[in-house]
Every structure is written in structure tokens, then in C-alpha cells.
There are 2 protein chains.
Amino acid sequence: ILQVRDLVKIYRAAGDEPPALGGVSLSIEPGEFIAIMGPSGSGKSTLMNILGCLDKPTYGTYVLDGVDVSRLDDDQLAEIRATRIGFVFQSFNLLPRSTVIRNVILPMIYTKVPVREREERAQEALLAVGLDENTWYHKSNELSGGQMQRVAIARALVNDPAIVLADEPTGNLDTKTGEIILDTFRKLKEQGRTIVLITHELSVADHADRTVHVRDGLIVDVLAGDAA
Amino acid sequence: ILQVRDLVKIYRAAGDEPPALGGVSLSIEPGEFIAIMGPSGSGKSTLMNILGCLDKPTYGTYVLDGVDVSRLDDDQLAEIRATRIGFVFQSFNLLPRSTVIRNVILPMIYTKVPVREREERAQEALLAVGLDENTWYHKSNELSGGQMQRVAIARALVNDPAIVLADEPTGNLDTKTGEIILDTFRKLKEQGRTIVLITHELSVADHADRTVHVRDGLIVDVLAGDAA
Ligand SMILES: Nc1ncnc2c1ncn2[C@@H]1O[C@H](COP(=O)(O)OP(=O)(O)OP(=O)(O)O)[C@@H](O)[C@H]1O
Ligand SMILES: Nc1ncnc2c1ncn2[C@@H]1O[C@H](COP(=O)(O)OP(=O)(O)OP(=O)(O)O)[C@@H](O)[C@H]1O
Ligand SMILES: [Mg+2]
Ligand SMILES: [Mg+2]
């Protein structure tokens with residue numbers, strides 16, 4: 001279960017800009033599929049980075065499975081990120097000069113997956129996002145934008161995380177390829193995993209149990225089912 | 001007028017992968033607004049990179065305003081890119097540690113716009129994509145994904161190019177912000193500029209005069225108006 005209370009994030013203490021998050025509270029149950037929508041610059045990625053233990057709030061609390069995340073040291077946070085959370089970044093964050101398969105194998109080194117299993121699990125994850133052997137040995141910067149996006153998704157799923165956080169995972173994908181990805185997420189939810197997706201497309205939010213609407217660093221609405 | 005004939009692009013001569021473009025022909029009139037759609041990996045960005053003089057085909061020809069682009073040397077190509085073409089990259093390609101305003105000013109240094117005019121034109125371009133003074137002095141890596149995308153768009157438009165090539169320009173934008181961008185493109189077309197957009201969203205292709213459908217490195221359909 002993911003619980004944030006009165007979360008505030010201020011990137012620049014000195015300026016007179018409004019905070020990126022101005023006091024956000026949200027509770028996400030295990031097995032829930034949540035969509036987050038809102039205007040560009042409204043704070044969605046900032047919220048997701050805190051949920052993913054990649055960033056700390058300026059004020060407020062984040063309790064993850066009963067543990068106050070602010071009490072954890074860097075090693076403990078790295079452990080959580082590696083074993084319990086799969087994160088798909090808005091700008092992918094692949095290693096550009098490593099191969100596709102190498103990029104997907106990397107998280108399994110941290111979790112000490114047996115070497116002979118790694119290649120196989122990486123290939124399965126890649127096939128699940130529609131990337132076949134033709135792409136596996138490309139460097140990740142020798143791909144189309146949507147192929148890079150799908151490598152980032154495969155990499156996020158390869159350690160079977162309990163929580164999947166995906167920031168605009170279909171932003172660079174045609175509708176048909178996007179459906180393959182959403183299907184994958186739906187199957188993961190049916191296995192009891194928690195899925196949180198940031199999207200600007202209503203057709204994607206339609207797949208969620210609830211849609212959280214963000215505007216100017218605040219949650220302005222939470223609707224069951226799709227966002228309309 | 002942009003004319004490609006029998007364009008072939010093979011990235012790796014050695015492999016037995018299909019070509020990224022397998023023989024593409026297309027003619028785009030001045031003042032036309034073209035949408036390009038197709039599955040992830042089908043060759044859209046590859047085609048756009050050739051139209052933008054950023055890449056050369058393996059076979060085939062590209063004639064731009066009566067000039068065979070393959071006859072031009074690197075300086076002449078740089079001249080065309082700087083003065084006649086505005087290019088919005090699928091992955092933005094901003095200078096991460098330079099400010100937003102610096103990123104937008106850069107193209108005007110090449111075209112020797114008077115120094116006192118540059119700041120003003122950069123600010124106008126940023127306001128046109130919905131980015132106000134709050135963002136102008138951020139480093140470009142201190143922005144949301146959609147804000148970075150809009151800086152890339154502003155930068156592409158600041159030299160008043162005759163041809164605008166935009167690769168998924170609304171991929172990271174909520175619907176409302178995306179409409180601001182499409183409005184900007186429509187106004188440019190009304191001024192007689194040529195607009196070519198890659199998009200995976202039908203609602204975006206709806207704004208175009210024609211939609212070109214790409215699949216497996218080939219043009220499979222060209223439809224007037226929207227892509228449906
Ligand atoms: N630098 C490269 N080296 C080798 N192959 C490449 C390179 N860039 C792209 N490709 C391959 O060329 C094909 C077409 O890529 P392209 O980027 O044009 O696709 P696209 O239609 O823009 O896809 P998307 O919608 O995912 O952005 C893909 O199969 C891709 O893997
Ligand atoms: N590193 C940073 N330093 C300063 N300000 C930042 C930084 N990253 C983001 N911001 C600002 O925080 C606000 C929220 O950013 P965030 O990335 O969370 O937006 P978003 O909702 O994900 O937007 P988008 O839909 O465009 O991706 C924006 O105004 C942005 O400019
Ligand atoms: Mg974002
Ligand atoms: Mg592309």
C-alpha cells in the first residue's frame with residue numbers, strides 16, 4: 001500500500017515560483033490500477049518520482065507498506081527500488097551505447113538472478129512488449145523512439161516488481177502497439193501488482209480503477225474508472 | 001516543394017534486417033500540412049530525418065525546392081537546416097545545462113539575427129507555446145517532459161522557417177496544451193509554410209490536409225484529411 005500525506009515539493013527554495021507539489025494526499029491499495037492525468041507541468045512526474053523513492057519531498061510523509069520512507073537510508077532505498085518497484089521514466093533513461101538486451105539484464109544483476117536465467121528473462125520481457133530478436137543486439141540509441149520506450153518498459157518489469165510506476169509509457173507508441181503495453185499492465189494488475197500510470201490520453205486512463213487529476217501541484221479530483 | 005523518389009535507407013549493410021525505408025516516394029507542396037502515421041519502428045523518423053537534411057538516403061533522391069540535396073556539401077546542408085527548416089526532434093535534443101531562453105536563442109546566432117532582437121523573439125516563441133517567464137531561466141533539464149517538448153518546438157520556430165518538421169510534437173502534452181501547439185502550426189500553415197508532423201494520434205492528424213501512412217519502411221496509403 002502506498003500512502004502519501006500532505007506532500008510538498010519545492011525545487012528552488014529561493015524563487016517565488018509556486019511549489020511543484022503543494023500538499024498532496026493519496027492512498028493506493030495493493031492490486032489497484034491508478035491513472036494520473038493533468039496539464040503539462042502540473043506535478044505528475046514529481047509525484048511519481050517520490051512514490052518511486054527516487055526523490056524526497058520537502059514536507060509531508062510517504063509510507064510504503066507500513067514503512068516511513070523518510071526514515072530509510074540510501075542503501076535501503078536502493079534495495080526497495082531494485083526489488084519492489086519497476087519504474088518507466090518519461091525520458092526512458094537507457095544506457096545509449098549498451099545493447100537492448102544488456103539494458104534489460106542490468107536490474108537482474110542487482111537482484112542476483114542466476115546468470116543463465118537472465119538472458120531468458122530479458123528475452124521474455126522484450127517479446128512481451130513486441131520487440132523481437134531483430135532489435136535485441138542494437139545499441140539502445142540505434143532504435144526508434146517507440147522501441148526505446150518499450151525497452152524501458154521491459155527493463156522495468158524484468159524483476160517482477162510488486163509496484164509498477166510508468167510515466168507516459170505509451171507517449172511514443174501508435175495505438176496498436178500501445179494496446180499491447182496496456183494489456184501487459186492489465187495482466188500484471190490481475191496478478192495482484194499495483195500499477196500507477198501517468199498519461200495524457202483518456203483511452204489509456206480508461207483501463208484504470210481510478211483516475212487522479214492533478215493541476216498546479218494539487219490533486220483536484222479522483223474519479224472511479226475513466227477520467228471523463 | 002519537397003520531393004522524394006524511391007528513397008531507401010539501410011542502417012546496417014551487414015545484417016539481414018529489412019531496410020528502415022524500402023523505396024518511398026512522396027511530393028509535398030508549399031503550404032501543405034501533412035501528417036505521417038504508422039506503427040512504432042515503421043520508418044517515420046527515418047523519413048523525416050532525410051527530409052530535414054539530417055541524414056542521407058542509401059538510394060533514391062530528395063529534391064528540395066528544385067535542388068538535388070545529394071549534390072550539396074555539408075556547409076550548404078547546414079545553411080538549409082539553419083535558415084529554411086525548423087526541426088522538432090522526437091527526443092527534443094536540448095542543451096540540458098543551458099537555460100531555456102539560451103536554447104531558443106541558439107539558432108538565431110547562426111542566422112545572425114541582431115543581438116537586441118534575439119531575446120525578444122525567443123520570448124515570443126516561448127509565449128506562443130504556453131511557456132511563461134517562470135520557466136525561461138530554468139536549465140532545460142529542470143523542466144517537466146512536456147515543457148522540454150515545448151522548448152524544442154519554440155526553438156524550431158524562432159527563425160521563421162519555411163518548412164516545419166515535427167516528430168511527435170504533442171507526445172508528452174495533455175490535450176489542452178497540445179491544442180495550443182496545433183493551433184500554432186495551423187497559423188504557420190496559413191502563412192504559407194509547409195508543415196510535416198509525425199503523430200500517433202488521429203485527433204492530431206485531423207488537422208492535416210493529407211495523412212501519409214507508413215508501415216515496414218513503405219508508404220501504404222495517402223488519405224486526404226484525417227487518417228480514418
Ligand atoms: N541508428 C540506427 N541504427 C540501426 N537501426 C536503426 C537506427 N535508427 C532506427 N533504426 C531502425 O530503423 C527502423 C525505423 O526506425 P524509425 O526511427 O524511423 O521508426 P519510427 O517509425 O519513427 O518509430 P517510432 O514510432 O517508434 O518513433 C526501426 O526498425 C529501427 O530499429
Ligand atoms: N529539476 C527541477 N528543478 C526545478 N523545477 C523543476 C524541476 N523538475 C520539474 N520542475 C518544475 O516542477 C513543475 C512540475 O514538474 P513535473 O515534471 O512534475 O510536471 P508534469 O506534470 O510531469 O508535466 P509533463 O506532463 O509536462 O511531463 C514544473 O513547473 C517544472 O518546471
Ligand atoms: Mg512529466
Ligand atoms: Mg520515431
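Protein chains get the first letters and strands the later ones, always in sequence-line order, with residue 1 at the start of each.
Taking CG of A/Leu54 as the start and CG of A/Leu165 as the end, the distance is 8.5 Å to the nearest 0.5 Å. Taking CG of B/Leu47 as the start and CD1 of B/Ile36 as the end, the distance is 4.5 Å to the nearest 0.5 Å.
Per-residue counts of heavy-atom pairs under 4.5 Å with chain A were compared for B/Pro39, B/Gly146, B/Ala20, B/Gly41; the largest is that of B/Pro39.
The side-chain contact (heavy atoms from CB on, under 4.5 Å) search around A/Ala154 returns A/Val104, A/Ala125, A/Leu126, A/Val129, not counting sequence neighbours. With sequence neighbours left out, the side-chain contact (heavy atoms from CB on, under 4.5 Å) criterion links B/Ala166 to B/Val88, B/Pro169, B/Phe185, B/Leu197. Under the side-chain contact (heavy atoms from CB on, under 4.5 Å) criterion, A/Pro57 pairs with A/Leu7, A/Ile50, not counting sequence neighbours.
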Short donor-acceptor separations (under 3.5 Å), chain A to chain B:
residue	atom	partner	partner atom	Å
A/Arg12	NH2	B/Glu142	OE1	2.7
A/Glu17	OE1	B/His138	NE2	3.2
A/Glu17	OE2	B/His138	NE2	2.8
A/Ser40	N	B/Asp174	OD1	2.7
A/Ser40	OG	B/Arg150	NH2	2.7
A/Gln90	NE2	B/Asn172	OD1	3.0
A/His138	NE2	B/Glu17	OE1	3.2
A/His138	NE2	B/Glu17	OE2	2.8
A/Glu142	OE1	B/Arg12	NH2	2.8
A/Arg150	NH2	B/Ser40	OG	2.8
A/Asn172	OD1	B/Gln90	NE2	3.0
A/Leu173	O	B/His200	ND1	3.4
A/Leu173	O	B/His200	NE2	3.3
A/Asp174	OD1	B/Ser40	N	2.7
A/His200	ND1	B/Leu173	O	3.4
A/His200	NE2	B/Leu173	O	3.3
A/His200	NE2	B/Glu201	OE2	3.4
A/Glu201	OE2	B/His200	NE2	3.4

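The two residues A/Cys53 and A/Ile80 make their nearest non-hydrogen contact at SG-CG2, 4.2 Å.
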